[in-house]
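Quick note on labels: first sequence line is chain A, next is B, and so on, each numbered from 1.
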Amino acid sequence: MKNKFYITTPIYYVNAQPHIGHTYTTIAADVLARYHRDILGEPTFFLTGTDEHGAKIAEKAKEEKKELQVFVDEVAEEFVKAWRALNISNDNFIRTTDEKHMAAVQKALRYMYDKGDIYKGSYKGLYCRGCEQFKNEKDLIDGKCPDHKTEPEQMSEETYLFKMSKYQDKLLAKVKSDELKIRPEGKKNEMVSFIEKEGLQDVSFSRKNLAWGVPLPWDASHTSYVWADAFLNYLTGLGWKGPKDKCPKMWPAETQLMSKDILRVHATIWQAMLLSLDLPTSKELFIHGFFLADGQKMSKSLGNVIAPQDLVKKYGIDASRYLLMSATVFGSDGDIGWQKFDEKYNADLANGLGNLIARVSNILEKDSIKVNIKSGNDQALKKEFGKAMQNLRIDEALKILWGKLRQNDEKLSSAKPWEIKEIDAKKKILEPIAQDILNVAELLQPFMPETAEKIIKQFSAKQIKKGESLFPRI
RNA sequence: AGCGGGGUAGAGCAGUUGGCAGCUCGCCAGGCCCAUAACCUGGAGGUCGUCGGUUCGAGUCCGACCCCCGCAACCA
């Protein structure tokens, strides 16, 4: 039986428009999904979507004076449009306000409640009457609410708690043994030491007085804690209807991509929920880094935000995908900026890939040289590339392909086919180079689908023609 | 306090299991002229944060310290 591949991005919280962080995660997931689906031919499912419940959303909608459902519909649409514009091949787009999703969440919570994994308790905290919200100490300025300049009061609220502590030992063992892989290694260590040192506490799983959420089936005065609602998207996105339903064929996920800010909740609450639901835990959580813009945190006030649509406008879809994927070592933080993007665009795409293709195709056309090359020719390259992809060394995979391109630039320069008169001798030099270009283009497909297709088409013709330049210099 | 990540050529970064220190950009010199003023070759430039240890040998392992950045869970 063939391997399957289920990959997810987090579902994005609709309190903000799609930004470069969302874009990065989603493109990475798309690249991996396309690799498994198109290159390896595995049954693949790629899920992304939006997280639409919670107090923040309710506030935001109020701020914009919009009906809640209207507001979330609009923002969700922005995400759908953004991914379409970036040629993202997701198989489903899950929204937590989908009725089917909400119904499944209720069934899941009911199951956990009946099992005794959810119980009634209370949540103590600092409550600001102005905000009608609990506050964290670190959000306060001189002990006062920054918005209302008043000291919040100690209050406790009735809540339902999830018995996460019950699953601590099981989870720890799974993380340690890599049954639940957390990558990169450093992040795994972090989680192991977190669970060992601080332990898993039971978590509040419901809110009172917050209408914008999924009501608890046994107590409608409470709505589900947003994360509890959100996590289940990874199942409902596969059509899961609740605990009585069979485990979806594609579950567990081979890879769940996310950035480091949400690793902890994914490694603890989400996995504990799966255990409580008697379902297998995720196979792998992969944590990628954050972007800095020119060494600084991206923020609106600094004005250094790089928006995905600006990227696409300047470089085009495929180049944008390439630039983001090659920008950093996948799994660690990286520094980006317009100047860097320009440099990389010119060096790798215009001078590298684009120029090599122009050199070769030009001679072939001018001298009417017909080459005989075929697809799937370089198994060694495919294997080396595949190894990097399997290990989620996305940037490394690209470097391997570019190494191949460079070799061919060198070959051309040393063999100097333009000094040779006889067509056969020329062909002998150019044919393997054209073959290499075709090989690279085939593996480039997950990264730059349209460009790869163009190159493949160009180099599959009997008489290769020069065509338009793929990446004009900036 | 604690936890995690980082400190390697002018800039940005790689360095799997310890074995002559690499890549991209930039700079200098040369070559080439098929190509998107692109491409190729050579060169300059590093006490791999500091101090100590293990080892025939350490950027890589161990210990201590200094500096930078994040995180510190019911806030998604």
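Looking at every heavy atom in both residues, K188(A) comes nearest to I182(A) through CB-O, 3.2 Å.
Per the geometry, CZ belonging to F290(A) stands 8 Å off P belonging to C71(B), to the nearest Å. Note: CG (D342(A)) to P (G26(B)) measures 12 Å, nearest angstrom. Rounding to whole angstrom units, CZ of residue F162(A) and P of A73(B) are separated by 20 Å. Atom CG in L161(A) sits about 13 Å away from atom P in C74(B), given to the nearest Å. Straight-line distance from the CG atom of D51(A) to the C1' atom of C75(B): 13 Å, rounded to whole Å. Rounded to whole Å, the distance from CZ on R473(A) to P on C25(B) is 11 Å. The interatomic distance linking L210(A) (CG) with C75(B) (P) rounds to 10 Å, in whole Å. For F471(A) and A38(B), the CZ to C1' distance is 16 Å, given to the nearest whole Å.
Of the candidates C25(B), A73(B), C39(B), A73(B) carries the atom nearest the M164(A) side chain, counting heavy atoms from C-beta on. Ranking C74(B), C34(B), U36(B) by closeness to the A358(A) side chain, first place goes to U36(B). With distances taken from any side-chain atom of R359(A) to the nucleotides U24(B), U36(B), A35(B), the minimum falls on A35(B). Listed nucleotides: C75(B), C34(B), C40(B). Nearest to the side chain of Y225(A): C75(B). Here the side chain of F194(A) is nearest to one of A73(B), C74(B), U36(B), namely A73(B). Comparing atom distances between the N355(A) side chain and each of C39(B), A72(B), C25(B) picks out C39(B) as nearest. For N362(A), the listed nucleotide lying nearest its side chain is A35(B); candidates were A73(B), C74(B), A35(B). Comparing C40(B), C75(B), U36(B) against the side chain of K466(A) picks out U36(B) as the nearest. Checking C75(B), C40(B), C33(B) against the side-chain heavy atoms of K56(A) singles out C75(B) as nearest.
Nucleotides C75(B) and G7(B) have their C1' atoms positioned 32 Å apart, rounded to a whole Å. The separation of U16(B) from G49(B), taken at their P atoms, amounts to 14 Å, rounded to a whole angstrom. Going from the P atom of A9(B) to that of U50(B) covers 11 Å, rounded to whole Å. Across G42(B) and U47(B), the matching P atoms stand 24 Å from one another, rounded to whole Å. Straight-line distance between the P atoms of G45(B) and C28(B): roughly 16 Å, to the nearest whole Å. One C1' atom belongs to C56(B), the other to C61(B), and the distance between them is 16 Å to the nearest Å. Atom P of U24(B) sits at a distance of 36 Å from the matching atom of G63(B), rounded to the whole Å. Comparing the P positions of C39(B) and G57(B) gives a spacing of 44 Å, expressed to the nearest Å.
Ring geometry for W270(A) against Y234(A) counts as tilted: the plane angle lies between 30° and 60°, on a 0 to 90° scale.
D261(A) comes within 4.0 angstrom of a nucleotide base, judged by non-hydrogen atoms across all strands. Heavy atoms of G199(A) sit under 4.0 angstrom from at least one base atom. Among the atoms of the strands shown, only primed sugar atoms or phosphate atoms (P, OP1, OP2) are found under 4.0 Å from some heavy atom of V226(A). Among the heavy atoms of the strands, none lies under 4.0 Å from G54(A).
Pair assignment for C61(B) gives G53(B), based on Watson-Crick or G-U wobble hydrogen-bonding distances that are each under 3.5 Å. Figure legend. U41(B) is base-paired to A29(B); pairs are counted as Watson-Crick or G-U wobble with both atom distances under 3.5 Å. In this structure, G2(B) forms a base pair with C71(B), meeting either the Watson-Crick or the G-U wobble geometry with both donor-acceptor distances under 3.5 Å. When Watson-Crick and G-U wobble pairs are counted only if both distances are under 3.5 Å, U17(B) pairs with no nucleotide at all.
Looking at heavy atoms from C-beta onward, F447(A) lies in side-chain contact with I394(A) at the 4.5 angstrom threshold. T23(A) places a side-chain heavy atom less than 4.5 Å from the side chain of W83(A).
Position along RNA chain B of the nearest nucleotide to I11(A) versus R264(A) favours R264(A) as the more 5'-ward residue. The residue among Q201(A) and I262(A) whose nearest nucleotide of RNA chain B lies closer to the 5′ end is Q201(A).
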With 3.5 Å as the limit, what N/O pairs link the protein to nucleotides 12-16 of chain B?
none

Polar atoms only, N or O, under 3.5 Å: list the protein pairs with nucleotides 4-10 of chain B and their distances.
from, atom 1, to, atom 2, distance (Å)
G4(B), O2', E190(A), OE1, 3.0

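A salt bridge is defined here as a Lys NZ or Arg NE, NH1 or NH2 lying under 4.0 Å from an Asp or Glu carboxylate O, and K466(A) with E365(A) fails to meet this definition. With respect to E196(A) and K176(A), a salt bridge is recorded, a charged nitrogen being found less than 4.0 Å from a carboxylate O. Ion pairing between a basic and an acidic side chain is recognised when a charged N comes within 4.0 Å of a carboxylate O; K427(A) and D367(A) show no such pairing. A salt bridge links E74(A) with K66(A): at least one charged nitrogen is closer than 4.0 Å to a carboxylate oxygen.
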Exercise. Before giving the answer on side-chain contact (heavy atoms from CB on, under 4.5 Å), spell out for V192(A) and L172(A) the whole-Å C-alpha distance, their side-chain angles and the decisive distance to 0.1 Å.
Key: CA-CA 7 Å; V192(A) 167; L172(A) 183 61; 4.2 Å; yes

Quiz prompt | Criterion side-chain contact (heavy atoms from CB on, under 4.5 Å) on V440(A) and L381(A), from CA distance to verdict | solution = CA-CA 8 Å; V440(A) 168; L381(A) 182 68; 4.2 Å; yes

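Between N346(A) and U36(B), a side-chain N or O to OP1/OP2 separation shorter than 4.0 Å is absent. Taking 4.0 angstrom as the limit, K416(A) places none of its side-chain polar atoms (N or O) nearer than this to OP1 or OP2 of C40(B).
Looking only at distances, no side-chain donor or acceptor of H53(A) sits under 3.5 Å from a matching main-chain atom of A230(A).
When the options F205(A), W218(A), F162(A) are evaluated for a ring-ring contact (aromatic ring centres under 6.0 Å, His included) with Y113(A), the one that passes is W218(A).
Inspection of the T26(A) and Y12(A) side chains reveals an N or O donor paired with an N or O acceptor under 3.5 Å.
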